[in-house]
Protein chains: 2
Amino acid sequence: MPKTKYIEIYEDLKEKIEKKFYEYQQLLPSENTLVKEYECSRNTVRRAIGNLINDGYVQTKHGQGARVIYQDFKQNEYMFGETESFKQFASRNHKKHETKVITFETLTVDETIHEHTLMPIGIEVYHIKRVRHLEGNPVIMDVNYFRKDVVKELTVDIAEDSIYEYLSKELNQRAVTAKRKMVVERTTEMDENYLKLDGFNSIVVVTSHIFNGDGVMFEHTQSRHTPGNFVFFDQKQTK
Amino acid sequence: MPKTKYIEIYEDLKEKIEKKFYEYQQLLPSENTLVKEYECSRNTVRRAIGNLINDGYVQTKHGQGARVIYQDFKQNEYMFGETESFKQFASRNHKKHETKVITFETLTVDETIHEHTLMPIGIEVYHIKRVRHLEGNPVIMDVNYFRKDVVKELTVDIAEDSIYEYLSKELNQRAVTAKRKMVVERTTEMDENYLKLDGFNSIVVVTSHIFNGDGVMFEHTQSRHTPGNFVFFDQKQTK
DNA sequence: TGGTATTTGTCCGTATGTATC
DNA sequence: GGATACATACGGACAAATACC
């Protein structure tokens with residue numbers, strides 16, 4: 001699987017910034033210099049730098065250059081909200097994890113579910129409730145709706161392991177676009193029964209709409225996070 | 001101030017999607033068609049579409065096209081977290097707003113402040129605490145640190161109006177990059193004294209590092225939002 | 001099933017404009 | 001004013017995935 005040139009350059013520059021070969025506040029070499037260094041066109045260098053801008057690693061200024069604004073961050077232990085599965089997250093952080101399935105059923109989308117999930121009325125969906133445990137503590141409740149025509153035959157076993165692993169490996173399905181909304185709400189009785197709230201009377205509710213490569217919104221998920229374990233990062237650049 | 005071509009195309013397509021000229025799940029005209037329509041090069045069309053992808057409006061697939069995945073959203077009344085000032089937000093939503101300055105002082109950054117804000121040790125900063133009122137209710141507490149060498153002469157009057165308006169109009173300074181981190185914490189005594197918490201024992205803490213066009217991190221802000229008034233949207237696309 | 005056309009993705013080179021140094 | 005550097009735009013070539021007949 002050969003990577004593209006601009007991705008290679010992007011990753012190389014990124015690593016050099018992280019390793020402080022290019023330091024905070026320093027200007028990157030000019031585009032023309034990088035063109036010679038990587039033996040490519042200026043467009044390709046610019047695409048690589050464009051990605052670094054999106055990641056908040058550099059900031060460019062017209063006739064000046066691309067300045068490094070990446071700062072080493074005491075990486076938080078917990079870092080939810082990224083586009084990765086619970087299992088991946090737990091593994092990456094070397095955390096003991098477990099998923100318990102509370103509800104597993106098939107439903108037909110009616111008016112009420114449609115209002116809530118934006119799934120088209122009449123289709124069949126899996127409705128799954130799961131509690132995620134981290135180091136033995138129940139910290140997240142996931143409420144999923146999966147389109148059955150896309151995810152085919154789900155089972156409780158798969159839901160206890162990783163639905164995303166199953167989708168990518170067995171069905172070659174991938175989440176391509178994720179739209180999310182975050183709010184904080186008062187806890188419900190359900191939250192109090194299932195989650196370790198540590199005195200909080202609120203819960204972070206992340207509602208996601210997830211599209212596959214065909215542009216089909218195949219998943220609607222409400223993730224209810226205990227506040228103590230929730231962190232979200234974001235960076236934006238005004239054009 | 002003439003806009004660039006790709007921005008014009010981007011905005012035109014965006015509007016057509018919002019107005020449902022191009023509908024949900026429909027494919028946009030091919031790049032070559034758009035090239036003829038807008039009388040421009042293919043690269044320019046592709047840049048415009050790239051922006052639509054970033055906004056979560058379309059999703060492209062190799063060999064197929066760009067599919068609209070924009071869905072009308074019951075726009076939430078409150079929508080914090082965007083890159084806009086409190087005053088802009090309040091005005092856009094036709095809300096009565098008011099800002100009360102609690103603390104206004106000049107400090108020299110020491111080890112402790114540096115640890116917390118990443119501002120360089122030894123420089124002078126304004127330290128400002130403000131409570132934001134919306135429709136008469138205190139809903140946000142902002143704790144700012146501004147580099148004095150960048151923001152020059154701040155006053156309490158400016159802080160009560162809009163520091164950002166002052167910066168852009170008087171000093172021609174702009175926030176270019178904003179890095180943010182969101183967590184939920186238990187309320188402090190200060191939160192309880194100053195904010196209308198409506199029974200919540202938690203508070204949404206948004207910590208921001210803000211860079212100007214010269215790559216100087218001139219502002220560090222901790223925004224403490226009452227949970228009931230906090231909404232954050234996000235969309236990501238896997239490459 | 002297979003071949004062809006369409007469509008997006010990558011990459012290159014060049015030219016011009018504009019901000020910075 | 002001149003040199004440097006980024007920003008925009010155009011055009012062309014080829015590859016790869018998809019759609020169509």
Side-chain angles (χ1 to χ4, degrees), chain A residues 1-13 22 25-54 57-69 172-174 176-177 212-216 237-239, chain B residues 1-13 22 25-54 57-69 172-174 176-177 212-216 237-239:
Chain A
M1 191 148 56
K3 279 186 194 168
T4 58
K5 203 177 266 194
Y6 81 91
I7 294 286
E8 273 181 9
I9 297 172
Y10 157 69
E11 288 176 348
D12 188 57
L13 290 173
Y22 300 125
Q25 291 297 340
Q26 191 182 335
L27 290 175
L28 293 188
S30 77
E31 292 174 357
N32 283 324
T33 308
L34 293 173
V35 161
K36 287 169 198 155
E37 191 171 325
Y38 290 105
E39 291 174 322
C40 66
S41 74
R42 191 162 155 240
N43 275 335
T44 304
V45 164
R46 283 179 65 74
R47 285 189 73 176
I49 292 176
N51 281 345
L52 292 176
I53 293 173
N54 277 340
Y57 272 50
V58 304
Q59 182 178 287
T60 58
K61 190 171 180 184
H62 207 127
Q64 184 177 74
R67 171 164 277 116
V68 177
I69 57 170
N172 205 27
Q173 286 281 351
R174 247 168 22 92
V176 172
T177 305
N212 69 6
D214 297 320
V216 176
Q237 192 130 166
T238 63
K239 304 166 200 176
Chain B
M1 194 148 55
K3 279 186 195 171
T4 59
K5 205 178 261 191
Y6 82 92
I7 293 285
E8 273 181 8
I9 298 171
Y10 157 69
E11 288 177 349
D12 188 57
L13 290 173
Y22 299 124
Q25 291 297 339
Q26 192 182 335
L27 289 176
L28 293 187
S30 77
E31 291 173 359
N32 283 324
T33 309
L34 293 174
V35 161
K36 286 168 197 155
E37 192 172 323
Y38 291 106
E39 292 175 320
C40 65
S41 73
R42 192 168 152 231
N43 275 334
T44 304
V45 164
R46 284 179 64 74
R47 286 191 70 176
I49 291 176
N51 281 344
L52 293 175
I53 293 173
N54 278 339
Y57 272 51
V58 304
Q59 183 178 287
T60 58
K61 190 173 181 182
H62 200 149
Q64 185 177 72
R67 173 166 275 115
V68 177
I69 57 170
N172 204 28
Q173 286 282 352
R174 246 166 24 90
V176 172
T177 304
N212 70 5
D214 297 321
V216 176
Q237 191 131 166
T238 62
K239 303 166 201 173

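Naming convention: chains lettered A, B, ... in sequence-line order (proteins, then strands); numbering from 1 in each chain.
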Phosphate contact (dT8(D) OP1 or OP2) by Tyr6(B) side-chain N/O below 4.0 Å: yes

message: Expressed as a whole number of angstroms, how long is the span from Leu28(A):CG to dC6(D):C1'?
response: 13 Å

- request: Using whole Å, report how far CG of Leu27(A) lies from C1' of dT4(D).
  value: 12 Å

- request: May I have the distance from Ile9(B) (atom CD1) to dT8(D) (atom P), rounded to whole angstrom?
  value: 13 Å

message: If you apply the rule side-chain hydrogen bond (donor to acceptor under 3.5 Å, both in side chains), what do you find for Asn51(A) with Tyr57(A), and how did you get there?
response: CA-CA 9 Å; Asn51(A) 281 345; Tyr57(A) 272 50; over 6 Å; no

field: Under-4.0 Å side-chain N/O to phosphate OP1/OP2 contact, Lys3(A) with dT10(C)
entry: no

- prompt: Is Arg42(A) side chain donor-acceptor paired with the dA5(D) base, going by distance under 3.5 Å alone?
  reply: no

Side chain proximity check, Gln59(B) to Gln237(B), heavy atoms < 4.5 angstrom: yes

- request: Using a 4.5 Å cut-off on heavy atoms from C-beta on, say whether the side chain of Val35(B) contacts that of Ser41(B).
  value: no

Check nucleotides 17-20 of chain C against the protein and report each pair of N or O atoms closer than 3.5 Å, with its distance, or say if there are none.
unit_1  : atom_1 : unit_2   : atom_2 : d
dG17(C) : N2     : His62(A) : NE2    : 3.0
dT18(C) : O2     : His62(A) : NE2    : 3.1

field: Protein-nucleotide distance (Lys5(A), atom NZ; dA15(D), atom C1'), rounded to Å
entry: 14 Å

message: Is it the case that dG9(C) (base atoms only) and Arg47(A) (side chain only) share a donor and an acceptor within less than 3.5 Å, ignoring hydrogens and angles?
response: no

query: Looking at side-chain heavy atoms only, is the closest gap between Tyr10(B) and Leu52(B) below 4.5 Å?
result: yes

Salt-bridge criterion met for Glu8(A) and Lys3(A) (N-O under 4.0 Å): no

- prompt: Quick one: is dC12(C) close enough that its OP1 or OP2 comes under 4.0 Å of any side-chain N or O from Thr44(A)?
  reply: yes

message: I want to check one thing: is the phosphate of dC6(D), taken as OP1 and OP2, less than 4.0 Å away from some side-chain N or O of Arg46(A)?
response: no

query: Is there a donor-acceptor pair closer than 3.5 Å between any side-chain N or O of Arg67(B) and the backbone N or O of Thr60(B)?
result: no

query: Are side-chain heavy atoms of Tyr22(B) and Leu13(B) found at a separation under 4.5 Å?
result: yes

Residue mapping more 5' on DNA chain D - nearest nucleotide basis, Ile49(A) or Asn43(A): Ile49(A)

task: Nearest whole angstrom, please: distance from the P of dT8(D) to the OH of Tyr10(B).
output: 14 Å

message: Can you tell me which nucleotide in dA9(D), dT8(C), dC6(D) comes closest to the side chain of Thr60(A)?
response: dC6(D)

